[in-house]
Amino acid sequence: MEFRRTHYTSQVTQEMDGQTVKLAGWVHEIRDLGGIMFLILRDREGMAQLTMFKKTIDPQVLETAKSLSRESVILVEGSVKLEAKAPGGYELVPARIDLLNPAQSPLPMDTTGKVNAELDTRLDNRFMDVRRPRVNAVFQIRHHTLSAVRNFLEQEGFLEINTPKVVATATEGGTALFPITYFDTEAFLNQSPQLFKQIMMSGGMDRVFEIGPIFRAEEHDTTRHLNEATSIDIEASFLDHEDVMQLLENLIVHVYESVAKNCANSLKTIGKELDIPKAPFKRLTYDEAIELNNEHSKELLEWGDDLSTNAEKVIGKVMGEHYFIKDWPTEIKPYYTQPYEDNPELTKAFDMMHPRMELSSGAQRIHDHDLLRQRIQDQGLNPDGFDFYLKAFKYGIPPHSGWGLGAERLVMTMLDIDNIRDVVLFPRDRKRVSP
RNA sequence: GUCCGGAUAGUGUAGGGGACUAUCAUGAAGCCCUGUCGAGGCUUCGACCCGGGUUCGAAUCCCGGUCCGGGCGCCA
């Protein structure tokens with residue numbers, strides 16, 4: 001059976017009046033008005049209306065059309081007809097409709113937007129949920145977001161790398177890891193590419209990035225955490241933390257601009273107008289952030305405290321746009337962040353914040369082997385487990401800096417989406433491992 | 001983990017001791033209809049999470065369980 005299309009619905013235009021095209025997709029809706037029948041065909045890029053006058057249409061075509069269930073997959077061959085009354089100014093007069101695969105009835109959920117479905121129902125039936133134009137639009141934008149990230153970083157001289165997701169040791173002390181069985185030894189799912197991207201600074205790759213999964217076995221249960229997330233990670237030699245902060249804010253602006261430019265239809269579908277942020281983002285020191293919180297919040301923070309969810313919200317509200325918090329206390333940042341030479345109480349670490357939540361954190365890293373080893377020890381970790389990592393610092397590693405940026409958080413804050421699960425096809429949280 | 005809230009046709013909902021033979025929408029099946037675009041009209045179909053209890057009577061109240069949602073916590 002022939003099942004190749006010649007066009008997506010979005011590629012059919014009024015200028016093609018009279019031309020024959022083949023469209024393939026799903027039966028979105030059927031509206032039978034008696035003497036005239038409309039069938040809406042939907043594909044990834046949009047919809048097209050088939051119009052059949054029962055008196056003049058091929059009886060074979062009419063019979064097929066009448067027998068179709070919603071969401072069945074069809075191939076339609078027809079001629080484009082200019083018609084002011086049709087949505088988009090044209091319609092298709094089918095000469096042939098082939099049913100490629102019927103859909104059972106009833107459907108597990110509505111695809112037309114007439115009836116809501118709960119998140120749980122939607123995720124259980126994600127294949128059908130993604131057929132909904134709104135959801136499809138989100139994932140088209142997610143694609144363009146990652147594509148814009150790659151373009152930007154490549155332009156800045158970054159090489160894309162892939163680091164292992166199965167690892168022998170924790171990247172850092174605190175975060176809980178998922179243990180797995182690896183032949184006869186214990187192994188874990190990696191929580192961050194941090195150590196490996198740093199090792200590649202010693203490898204002389206100079207500027208690297210990775211877009212990949214990270215795993216955290218934390219039992220969190222919020223609308224902004226996942227146990228499997230996508231991290232956009234960079235590491236760059238011969239740059240300090242201020243340099244990579246600049247890179248980060250420029251990247252964010254570039255992503256927003258690219259999405260605004262390339263995803264006009266998707267944005268329209270979800271009803272979102274992008275506010276493109278302006279670089280440079282405001283910079284707050286950690287001290288200023290604490291002060292700001294204590295000015296505006298009832299929950300007071302002391303120097304040395306990490307920012308609570310409430311503090312993030314309070315400060316975010318005051319700032320109102322993307323901003324950085326920098327110069328964090330050494331004691332609450334990971335062992336590999338570089339302390340200021342003239343004030344070791346503070347590190348060259350930063351967080352990049354959206355008013356709603358943290359998007360990224362980064363720093364200049366320690367490149368001195370002995371100091372790094374000492375810091376690992378100071379944080380109560382056993383340096384022996386880090387031999388594979390520390391070794392790379394003994395034979396010439398440049399000063400370097402980097403950051404990790406949460407891809408899901410970037411998309412959800414950009415599009416004003418409440419729940420992080422809405423920007424992941426198959427989210428993994430404490431309650432869900434399937435589908 | 002914790003504090004709230006919830007579970008009713010395929011989907012989304014109303015109903016908070018008797019008027020429930022359970023509301024509405026969507027859907028499915030059938031009929032009418034030549035410009036629909038959430039088409040419209042008529043007919044039909046389809047549901048009270050599980051287990052105990054209270055009561056003459058439970059979808060409704062109580063206890064236990066399971067599952068779900070939101071907030072917080074956890075998240076170097």
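Just so we're on the same page: letters track the sequence lines, and every chain starts at 1.
A 4.5 Å side-chain heavy-atom check between A:Phe386 and A:Tyr336 finds every atom pair outside the cut-off.
A:Thr112 comes within contact range of no nucleotide atom at all, as no heavy-atom separation falls under 4.0 Å. Using a 4.0 Å heavy-atom distance criterion, A:Lys333 is classed as a sugar-phosphate-only contact. As judged by a 4.0 angstrom heavy-atom cut-off over every strand, A:Glu91 is placed among the base-contacting residues. If you check every strand for non-hydrogen atoms under 4.0 Å, A:Glu118 touches sugar and phosphate atoms only. Among the atoms of the strands shown, only primed sugar atoms or phosphate atoms (P, OP1, OP2) are found under 4.0 Å from some heavy atom of A:Pro108. Counting non-hydrogen atoms under 4.0 angstrom, A:Asp221 reaches a base of the nucleic acid. Residue A:Lys54 is classed as having no contact, given no heavy-atom separation below 4.0 Å to the nucleic acid. Among the protein residues, A:Asn419 comes within range of the sugar-phosphate backbone only, with heavy atoms under 4.0 Å from sugar or phosphate atoms but none that close to a base. Note on A:Asp32: a base of the nucleic acid sits closer than 4.0 angstrom, heavy atoms only.
For A:Thr223, a side-chain nitrogen or oxygen approaches OP1 or OP2 of B:G71 to under 4.0 Å. For the OP1/OP2 pair of B:C72 and a distance below 4.0 Å, the side-chain nitrogens and oxygens of A:Lys313 include at least one atom meeting the criterion. Within the 4.0 Å cut-off from OP1 or OP2 of B:A29, not a single side-chain nitrogen or oxygen of A:Arg70 is found.
For A:Glu218 and B:G1, a side-chain-to-base donor-acceptor distance below 3.5 Å is absent, hydrogens and geometry of angles not being considered. A donor N or O paired with an acceptor N or O is not found under 3.5 Å between the base of B:G69 and the side-chain atoms of A:Arg421.
Nucleotides B:C61 and B:A7, compared at atom P, are 10 Å apart to the nearest Å. Between B:U26 and B:G64, the two P atoms lie 41 Å apart (nearest whole Å). B:G46 and B:U23: their P atoms are spaced 12 Å apart (whole Å). On the P atoms, B:U44 is 13 Å away from B:A25, given to the nearest whole Å. B:C68 and B:U8 are spaced 14 Å apart, taking the P atom of each and rounding to whole Å. The gap from the P atom of B:U54 to that of B:A58 amounts to 11 Å, rounded to the nearest Å. Between B:G65 and B:C24, the two C1' atoms lie 32 Å apart (nearest whole Å). Separating the C1' atom of B:A14 from that of B:G35 is a span of 36 Å, rounded to the nearest Å.
For A:Val115, the listed nucleotide lying nearest its side chain is B:A25; candidates were B:A25, B:G73, B:C37. For A:Ile36, whose side chain is taken as the heavy atoms from C-beta onward, the closest listed nucleotide among B:G1, B:C75, B:G35 is B:G35. In this structure, of B:C74, B:G35, B:G38, it is B:G35 that holds the atom nearest to the side chain of A:Thr51. Out of B:C75, B:U26, B:C72, the shortest distance to the side chain of A:Lys114 is found at B:U26.
With rounding to whole Å, A:Ile40 atom CD1 is found 10 Å from B:C37 atom P. Note: CG (A:Asn116) to P (B:G27) measures 14 Å, nearest angstrom. Whole-Å rounding puts the A:Lys298 NZ to B:C72 P distance at 15 Å. Taking atom CG of A:Leu62 as the reference point, atom P of B:U34 lies 13 Å away to the nearest angstrom. Here B:C37 presents its P atom at 9 Å from CZ of A:Phe38, a figure rounded to the nearest Å. In this structure, CZ of A:Arg430 is placed 11 Å from P of B:C67, rounded to the nearest angstrom. Rounded to whole Å, atom C1' of B:U36 lies 11 Å from atom CZ of A:Phe53. As rounded to whole Å, 10 Å separates atom C1' of B:A28 from atom CG of A:Leu107.
Comparing A:Thr222 and A:Gln49 along RNA chain B, the residue whose closest nucleotide (by nearest heavy atom) sits nearer the 5' end is A:Gln49. Across the interface with RNA chain B, nearest-nucleotide mapping of A:Ala86 and A:Ser105 shows A:Ser105 to be the residue nearer the 5′ end.
Classification of B:G38 as anti follows from a glycosidic angle more than 90° from 0.
Crowding of A:Glu345 atom CD: a count of heavy atoms from other residues, nucleotides or ligands under 6.0 Å not exceeding 12. The number of heavy-atom neighbours closer than 6.0 Å to CD of A:Glu160, taken from other residues, nucleotides and ligands shown, is above 12.
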>> Apply salt bridge (charged side-chain N to carboxylate O under 4.0 Å, His left out) to residues A:Arg283 and A:Glu249 and explain how you reach the verdict.
In response: CA-CA 11 Å; A:Arg283 271 114 170 115; A:Glu249 63 198 356; 2.7 Å; yes
>> Using salt bridge (charged side-chain N to carboxylate O under 4.0 Å, His left out), reason through A:Glu210 and A:Lys165 one step at a time and then give a plain yes or no.
In response: CA-CA 12 Å; A:Glu210 176 166 18; A:Lys165 303 307 149 205; 2.9 Å; yes
> Run the side-chain contact (heavy atoms from CB on, under 4.5 Å) check on A:His225 and A:Arg216 step by step: do they pass?
Replying inline: CA-CA 9 Å; A:His225 291 277; A:Arg216 311 258 161 120; over 6 Å; no
> Is there a side-chain hydrogen bond (donor to acceptor under 3.5 Å, both in side chains) between A:Thr223 and A:Asp418 once you walk through the steps?
Replying inline: CA-CA 7 Å; A:Thr223 51; A:Asp418 291 335; over 6 Å; no
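Nucleotide B:G17 forms a pair with no other nucleotide shown, judged by Watson-Crick or G-U wobble geometry with both contacts under 3.5 Å. Base pairing analysis places B:G5 opposite B:C68; the two distances defining the Watson-Crick or G-U wobble pair are each below 3.5 Å. Base pairing analysis places B:C42 opposite B:G30; the two distances defining the Watson-Crick or G-U wobble pair are each below 3.5 Å. Taking a pair to require two hydrogen-bonding distances under 3.5 Å in either a Watson-Crick or a G-U wobble arrangement, B:A25 pairs with B:U11.
With no hydrogens or angles considered, a side-chain donor-acceptor pair links A:Gln198 and A:His400 at under 3.5 Å.
Of the listed residues (A:Arg131, A:Arg70, A:Arg42, A:Gln49), just one forms a side-chain hydrogen bond (donor to acceptor under 3.5 Å, both in side chains) with A:His28, and that residue is A:Arg42.
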